[in-house]
Structure formats: C-alpha cells, structure tokens
Amino acid sequence: MLDARYVTDHLDDVRAALARRGPGAAALLDDVASLAVSRRSLIGSLDALRARKNEVSASLAKLDKKGAEFLEARDAMKRVGEETRVLEVQLAEVEAQLEDKLLHIPNMPHESAPDGTSEHDNRVVRVWGEKPVLEGTVRDHVALGEALGILDFERGVKLSGTRFTVLRGHGARLERALMAFMLDIHSNEHGYEEIWPPVLVKDTAARGTSQLPKFAKDMFKVERFEEGEGARTLYLAPTAEVPVTNLHADEILEGAALPVAYTAYTACFRSEAGSHGRDTRGLIRQHQFDKVELVRFVTPESALAEHERLTAHAEVILQRLGLHHRTIELCAGDLGFASRKTFDLEVWLPGQDAYREISSCSWFGDFQARRAKIRFRREAGAKPELVHTINGSGLAIGRTLVAILEQGQRPDGTVTIPEALVPYMGGVHTITPRR
RNA sequence: GGAGAGCUGGCCGAGUGGUCGAAGGCGCUUGAUUCGAAAUCAAGAGUGCCCGCAAGGGUACCAAGGGUUCGAAUCCCUUGCUCUCCUCCA
C-alpha cells in the first residue's frame, strides 16, 4: 500500500500518478488525507493525556495509600483514564478506516511505464526468434494433446470440474521436466535459492502481497472442518509469490545480503471468477496450474536494473527452449494493482495465431514491503528502510507445455521436444501417439 | 485426539501491582590499551508512531486480543504458538 504520510503531503502528485491508471483510481484518495490528519491530531491529544497519567501515577506510588491527597488524585486520574479510553476508541476507528482506504488504493505507475488505457496500448520491447514455419494443418494444443493421448480434458472435468486437466504419459513427464529444467537454470546459473513453500497460506500473507482484501474472490478459501472457535481459514496460494515474498514479512534484512533472490515451484490455484467463457478450451486458463516463480528483494536504487535482470532470467528459459516470443511493457492502464512497472513475456501460439502471456515480471516498489513489513538496514545501526520487491514467472509451466506442443508440432501430429529438455525427458526427442 | 510445561530485547535469562523499556550474561558498535590482536576497562546500541529543520522531547510495545486497577511484563479471560509424554499418521 501507499504511505499515508506521503499521500497526505503529495496529494496532487499521487492523484496525477493514479489517474494514469484510468478514471476512478485517483478518486479513492479523497478521504485518505483527511483521515490521516485527524489521526495525527488524535494521537497528539492521546499522547499528552498519557504523559500526564504516567506522571501522576508515578507520584501516586510514593503517597500514603489512605491519605486524602492520594484519594483525591486517584479520583482525578480515574476521569483522565476514561477520557483516554474515549480517545483510544476514536483513534482505533480512524486508523481502521484509513487502513481500509489505503489497502484498496493501487500502486502508482512508474513514470517510465507508458501511457495507455488498455492492453492495446502496451509496447513491444523486443522480439526473440521468429514464427516457426509449420507444414500442413496447424493444430492447437488441445487437438494435438488429445491425439497424442497426453492431455485428458474429459477426465479432468470428471474429477474436479471445468478448468481442470489430467496430464498423462509424456505430457505428465513434460510437466515434470519443465519444472526441473527451470529450477535448475535459475538456481544453478542465475543465483536464485530454491524454495519449497507451503501453498496454503494465512490471510496475513495474502494481504502482504495484496491479494487481500481486494481480490479475495480470485482465491480458493479453505476452511478446516468443525473446530468451532479455533477454526482457521487458509487460502490456496494463487502464485508462489505469496508464500515466497512473505518469507521475510516482519523482518529486517541486512543490507549486505541484498539482493535476496528466490525461485520456487508451486502449484497455483485461481478461482478465475469473472473470466467465465474465456479460454474455456485447453490448458491456457486452469483453476490449478504449475509455475516456477522468481522473487527478488532489492534496494530501492537498484530496483529498475534488478527488474530488467529478473525479466532477462525469465526470457532465458524461452530462449533455451527455442520458443519464439516477445517482451512487452504494460501501459499504465493495464498494470496490475500492486505493480509500478511490468514486463510481460508473450509466447507465440500457432494454434491460436496469437501471442499469449507466459510470464509477468513486475516491480512493486515498496508497495508490498510496506504491507508485509519487509525492511533492510544499509549498515549496522542505520535506520531500517523498506525493501523493493520484484517478481515474475519463470515460467508458467502449463503454458510452456502448450507452446512446446504448438510450436514443435509436425505435419504427422508428433511433437519435437526442444533439445535442452531431452535429458529431462529421459532421452525422448519426439512425442508420438501412445501405443 | 489426551495430559502437562512454557512464550520477556539479536540470543540466554531475571522479574510475582508502582521509580521496569525492563537486572545479569553472551553477542554487537565505538573508544582506551597494543606494533597488531587476544584479554581487560569505559561508553553506546531495539522497533513503531506523534511533535521538531535539528538537537531532542512525548508515547506505545515483555506471543496476540480483551478485562480488572489511579497504575499491569506482573492479576483474570480468550486465542495462537512452542516444548515434553502418550495416541494417530506419510
């Protein structure tokens, strides 16, 4: 979230920055400044009252507990106590309101993010490779996968409903191979520490990365059966970003340790509320999918360069797989809620005759760090500062599998496995129909 | 699931209603000493918020939340977590 004090002191700037996201975003600021002001004045009065209470209480300790002086002062303090309680309630109320407003305000787009209102205004930054020349009928991954017997959509639906898929044989193997391939490159070559986190997370973690409170409907909520009072609600992480970023929630990192870089494979769960009817066919938009994530905790001054670096790390995967793709930068109007600047990698899918997002690499400034209280100290004794967080998919595995099928298809319906992946596939070079 | 013990500052650990933000030790920082180091001695170190240009001042924080009280790390309640033993399980 944004800093209330910064918003109050730079109201016009913040308003202008948020306006770049489109109409509406800036309007959310209206009450923040006034709430922040009344919060400060309440704290002022409250602290003064408490100071007096502390002072008098200390002197009371030395008095004869039955003396008239003691009794009189005690009664006076009783009234001060009540007054304090009233102010405390008011303050709690104001702070709750302020917090609620702030949690719903999106991040300010960075000045380098291009202007624009929708995905049509996104800017192509670079293109890698070119569209493969495919002989014969171009098929999409659904047709290919079903014919090869590696994608079983029907049984996915039977087990779990729409947007769930069963991978089998070389399909399942490919999914596993991609996981290991990506993790190996990021941990061995790019210097990321491999993490294996829980995927059921507390609401506090989801709040830290900003899925909550605003995007609760996009997640699966898990309740423990029975339990009564102690019942706990957990959320299925929609991305490893949530557990991995929150690894350092409420911590102060040593400046020398930055950048801290983690990579993690997790299954990801999205309820996809509000996307009914979109991408209903195939693997593109599932309730459960696999992804390898990259997360970096960095200093503010290195953030822009670090963002480029992380994006490049994700691009390497597509390059090693020989998959034609392009990198685009999102315009201000298309940025995610928490992001200041985002590069998307879009892979070419011949079956759809379109480029589709396969990775989204975002720089969040201190937006997540403020929510999750992730700080660093430049040197011993220095004041703690908020870190900057950056993350991106490196990559979405299901969509990578789709791209391999569609870009690697041959006229006879078989699929060529990218050379780099062959060792991970147990030496298999080509996926051919089962039996 | 059952029984018990506990949760204090970076760590260990005192503390049982008033001067406790908290003894002591370890660790850390800075000085002194030393050719340098070790040892020793001295001083200093928490985090948030509010006021202040600053120096500095105020306030809150002893797992979390509530309560009792003029006053709570200390008493009461609720929740969470940790540990030990049993049970169960992968």
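Proteins come first, then strands; the chains are lettered A, B, ... in the order of their sequence lines, and each starts at number 1.
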Charged N-O contact under 4.0 Å between Glu111(A) and Arg340(A): no
Same-atom distance (P) from rC20(B) to rG15(B), integer angstrom: 16 Å
Between rU68(B) and rC11(B) - C1' atom distance, rounded Å: 35 Å
Minimum-distance nucleotide (side-chain atoms of Lys53(A) versus rG48(B), rC51(B), rG71(B)): rG71(B)
Glu306(A) with Arg309(A): basic N within carboxylate O range, under 4.0 Å: yes
Rounded interatomic separation in angstrom, taking CE from Met77(A) and P from rG17(B): 23 Å
Nearest-Å distance for atom pair CG/P, residues Leu386(A) and rG48(B): 10 Å
Nearest-Å distance once atom P is located in both rA23(B) and rC81(B): 31 Å
rC85(B) - base-pair partner by Watson-Crick or wobble geometry, distances under 3.5 Å: rG2(B)
Atom pair distance, as rounded to whole Å: CG in Leu71(A) and P in rG71(B): 15 Å
Arg50(A) CZ to rC70(B) C1', straight-line distance once rounded to whole Å: 16 Å
Ion pair check, Lys217(A) and Glu272(A), cut-off under 4.0 Å: no
Residue met sooner reading RNA chain B from 5', once Gly44(A) and Gly81(A) are mapped to nucleotides: Gly44(A)
For rG44(B), the Watson-Crick or wobble counterpart (both distances under 3.5 Å): rC28(B)
5' priority, RNA chain B, between Arg85(A) and Asp47(A) [closest heavy atom]: Asp47(A)
Check ion pair Asp218(A)-Arg270(A) (N to O, under 4.0 angstrom): no
Complementary nucleotide for rG18(B) - Watson-Crick or wobble, under 3.5 Å: rC70(B)
Phosphate contact (rC50(B) OP1 or OP2) by Arg5(A) side-chain N/O below 4.0 Å: yes
P-based separation of rG21(B) from rC12(B) [nearest Å]: 23 Å
Watson-Crick/G-U partner (both atom distances under 3.5 Å) of rG56(B): rC51(B)
Phosphate-side-chain proximity, Arg375(A) and rG48(B), N/O vs OP1/OP2 below 4.0 Å: yes
Gap between atoms CG and C1', on Leu60(A) and rA72(B) respectively (whole Å): 15 Å
Donor on one side chain, acceptor on other, Lys291(A) and Thr239(A), under 3.5 Å: yes
Selection from rC49(B), rU47(B), rC70(B) that lies nearest to any side-chain heavy atom of Arg377(A): rU47(B)
Asp279(A) bridged to Arg356(A) by N-O distance under 4.0 Å: yes
Opposite nucleotide pairing with rC7(B), Watson-Crick or G-U, both atom distances under 3.5 Å: rG80(B)
Whole-Å P distance, rA73(B) and rC61(B): 7 Å
Glycosidic class, syn or anti, of rA73(B) using a 90° window around 0: anti
Same-atom distance (C1') from rG56(B) to rG66(B), integer angstrom: 36 Å
Euclidean distance for P, rA3(B) against rU78(B) (whole angstrom): 15 Å
Watson-Crick or G-U wobble mate for rG36(B), both contacts under 3.5 Å: none
Phe70(A), nearest nucleotide to its side chain (from rC70(B), rG48(B), rC50(B)): rC70(B)
Ionic contact status for Asp140(A) with Arg281(A), cut-off 4.0 Å: yes
Sugar-phosphate, base or nothing in reach of Ala58(A), heavy atoms under 4.0 Å: nothing
Nearest-angstrom distance from the residue atom CZ of Arg371(A) to C1' of rG48(B): 19 Å
Distance below 4.0 Å between Arg74(A) side-chain N/O and rG71(B) OP1 or OP2: no
Euclidean distance, atom CD1 of residue Ile252(A) to atom C1' of rG46(B) [Å, nearest integer]: 9 Å
rG58(B) phosphate, OP1 or OP2, under 4.0 Å from Arg52(A) side-chain N/O: no
Below 4.0 Å: OP1/OP2 of rG71(B) and any side-chain N or O of Asn54(A): no
P atoms of rU79(B) and rG2(B), separation to the nearest Å: 13 Å
Salt-bridge criterion met for Glu329(A) and Lys341(A) (N-O under 4.0 Å): yes
Nearest-angstrom distance from the residue atom CZ of Arg370(A) to P of rC49(B): 10 Å
